[in-house]
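The figures here come from the full heavy-atom set of this structure, side chains too, leaving out hydrogens, waters and symmetry mates. Within every chain, numbering begins at 1; the chains are lettered A, B, ... in the order of the sequence lines, protein sequences first and strands thereafter.
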Protein chains: 2
Amino acid sequence: MQEIDERQGKGAASRERLEDCISFLIGKAAQRVTRDIREALDPWGVTPIQYAVLAALWDEDGQSGARIGQRLVLDSATITGVLDRLQKAGLVERSPDPGGDRRVNLIRLTARGRALEAPLGRCIAAYNAALREELGAEQAERLWQALRRLGGFAAGR
Amino acid sequence: MQEIDERQGKGAASRERLEDCISFLIGKAAQRVTRDIREALDPWGVTPIQYAVLAALWDEDGQSGARIGQRLVLDSATITGVLDRLQKAGLVERSPDPGGDRRVNLIRLTARGRALEAPLGRCIAAYNAALREELGAEQAERLWQALRRLGGFAAGR
DNA sequence: GACAAATCTCTTGTATGCGAGTCTTTTGCA
DNA sequence: TGCAAAAGACTCGCATACAAGAGATTTGTC
């Protein structure tokens, strides 16, 4: 203990190097990936989260905001803002629930929103592939697994 | 290809499942860890980034904002805001550079800022240990390595 | 049928992040 | 020396995130 105190000052005996703290490491790694993706999506004027919302709608058009938020683990306040911007960009529309539930707004892709599936899908797939290659197939697979576990997206999902 | 198109609609041949995209996975994993840490630090009224800035100052008091930003990979705009709030909380002070460079503000810990090293250090170390246990030592070490690599904090650093 | 509890959406306020730009000061180089 | 370039800190605007809560609507239950 003593040599640690000498090196880092009092109180440091139980303090880890910042660069070894998971909160710092994962935050910075996520920051890097997000920045890459933001750049890759920029030509279409779409942000990473906006891509995620679009992807959810490509899988199933006409979901409620709450349903999208559940899948993407997004707060209702965040969803509202993202949908506002997607709507302003002309990629989605809000429409009333045919079932008659007046609390609900169903989110529908516009033609322009649907048209982005192919190019954006390729763009993201290419980035995933590039990162898998950068890390190597084996390390990449282990990273994917650990992240799925941390984020609560168990393998079964 | 055809069966994929049938399952997911046109354009999907090259689109990966959202839950398999690294940008989504790492973002959500980081979100979870950050939320945990935010909660753990809440009793002291300190946020995760504020902890990181404090940690940098515990290692070396009296750094310039630019130097802190370099280590933490933070934009100057972000640093300014974080320091504003730390100063308002009475944990740090801005002081002129003794070297006479009038562009620079050196950031110094107050007594209250210094006093947080032991309890916050223990708090974060405990979280790291808990997460290491949750993942298992081996998977944790591999995750740490992969994240260091992604974030540009190579092993040598 | 009525009412408490739950749902869905949206608003407000605060805290990162980043792009872009400003102002001041310092450096480097012709 | 003189002046363009760089550096440090800051501002503004926009886009996530989340806590807290408001308003409208629906559901479950007695």
J.: State whether A/Arg32 and A/Glu134 are salt-bridged, where the test is any N-O pair (Lys NZ or Arg NE/NH1/NH2 against Asp/Glu carboxylate O) under 4.0 Å.
T.: yes
J.: Counting any heavy atom closer than 4.0 Å, what does B/Gly27 reach on the DNA or RNA strands: base, sugar-phosphate only, or nothing?
T.: nothing
J.: Between A/Arg71 and A/Gln63, is there a side-chain donor-acceptor contact under 3.5 Å, judged purely by atom types and distance?
T.: no
J.: Respond yes when some side-chain nitrogen or oxygen of A/Arg85 is under 4.0 Å from OP1 or OP2 of D/dT16, and no when none is.
T.: yes
J.: Taking OP1 and OP2 of D/dT16, is either one under 4.0 Å from a side-chain nitrogen or oxygen of B/Gln31?
T.: no
J.: Centroid separation under 6.0 Å, is that true for the rings of B/Tyr51 and B/Trp58?
T.: yes
J.: Atom CG of B/Leu41 and atom C1' of C/dT16: how far apart are they, to the nearest Å?
T.: 15 Å
J.: So does B/Thr34 get a backbone contact from the side chain of A/Ser23, meaning a donor-acceptor N/O pair under 3.5 Å?
T.: no
J.: Could you pick out which residue, A/Gly65 or A/Glu39, lies toward the 5' side of DNA chain C when each is mapped onto its nearest nucleotide?
T.: A/Gly65
J.: Would you kindly compare B/Ser76 and B/Arg35 by the position of their nearest DNA chain D nucleotide and give the one closer to the 5′ end?
T.: B/Ser76
J.: Would you mind telling me which of D/dT16, C/dC8, C/dT11 lies closest to the side-chain atoms of A/Thr47?
T.: D/dT16
J.: Could you tell me the separation between the CZ atom of B/Arg38 and the P atom of D/dA19, rounded to a whole number of Å?
T.: 8 Å
J.: Quick one: is B/Arg94 getting a side-chain N or O under 4.0 Å of the D/dC10 phosphate, OP1 or OP2?
T.: yes
J.: Roughly how many Å is it from CG in B/Leu83 to P in D/dC10, rounded to a whole number?
T.: 7 Å
J.: Can you tell me which nucleotide in C/dA20, D/dT26, C/dG17 comes closest to the side chain of B/Ala77?
T.: C/dA20
J.: Got a donor-acceptor contact below 3.5 angstrom from the A/Ser95 side chain to the A/Leu106 backbone?
T.: yes
J.: What is the distance, rounded to the nearest whole Å, between atom CG of A/Asp75 and atom P of D/dA20?
T.: 11 Å
J.: If you assign each of A/Arg103 and B/Ser64 to its closest nucleotide in DNA chain D, which residue comes earlier from the 5' end?
T.: B/Ser64
J.: Determine the contact category for A/Gly69: base if any of its heavy atoms lies under 4.0 Å from a base atom, sugar-phosphate if only primed atoms, P, OP1 or OP2 are that close, otherwise nothing.
T.: nothing
J.: Let me know the distance between CG of B/Leu74 and C1' of D/dG8, rounded to the nearest Å.
T.: 15 Å
J.: Establish, with yes or no, whether the OP1 or OP2 oxygen of D/dC10 is under 4.0 angstrom from a side-chain nitrogen or oxygen of B/Thr80.
T.: yes
J.: Let me know the distance between CG of A/Leu91 and P of D/dA15, rounded to the nearest Å.
T.: 13 Å
J.: Atom CZ of B/Arg67 to atom P of D/dA7: distance rounded to whole Å?
T.: 16 Å
J.: Can you tell me the distance, in whole Å, between the CG atom of A/Asp97 and the P atom of D/dT27?
T.: 10 Å
J.: Which of the following nucleotides, D/dG8, D/dC18, C/dT26, is nearest to the side chain of B/Arg102?
T.: C/dT26
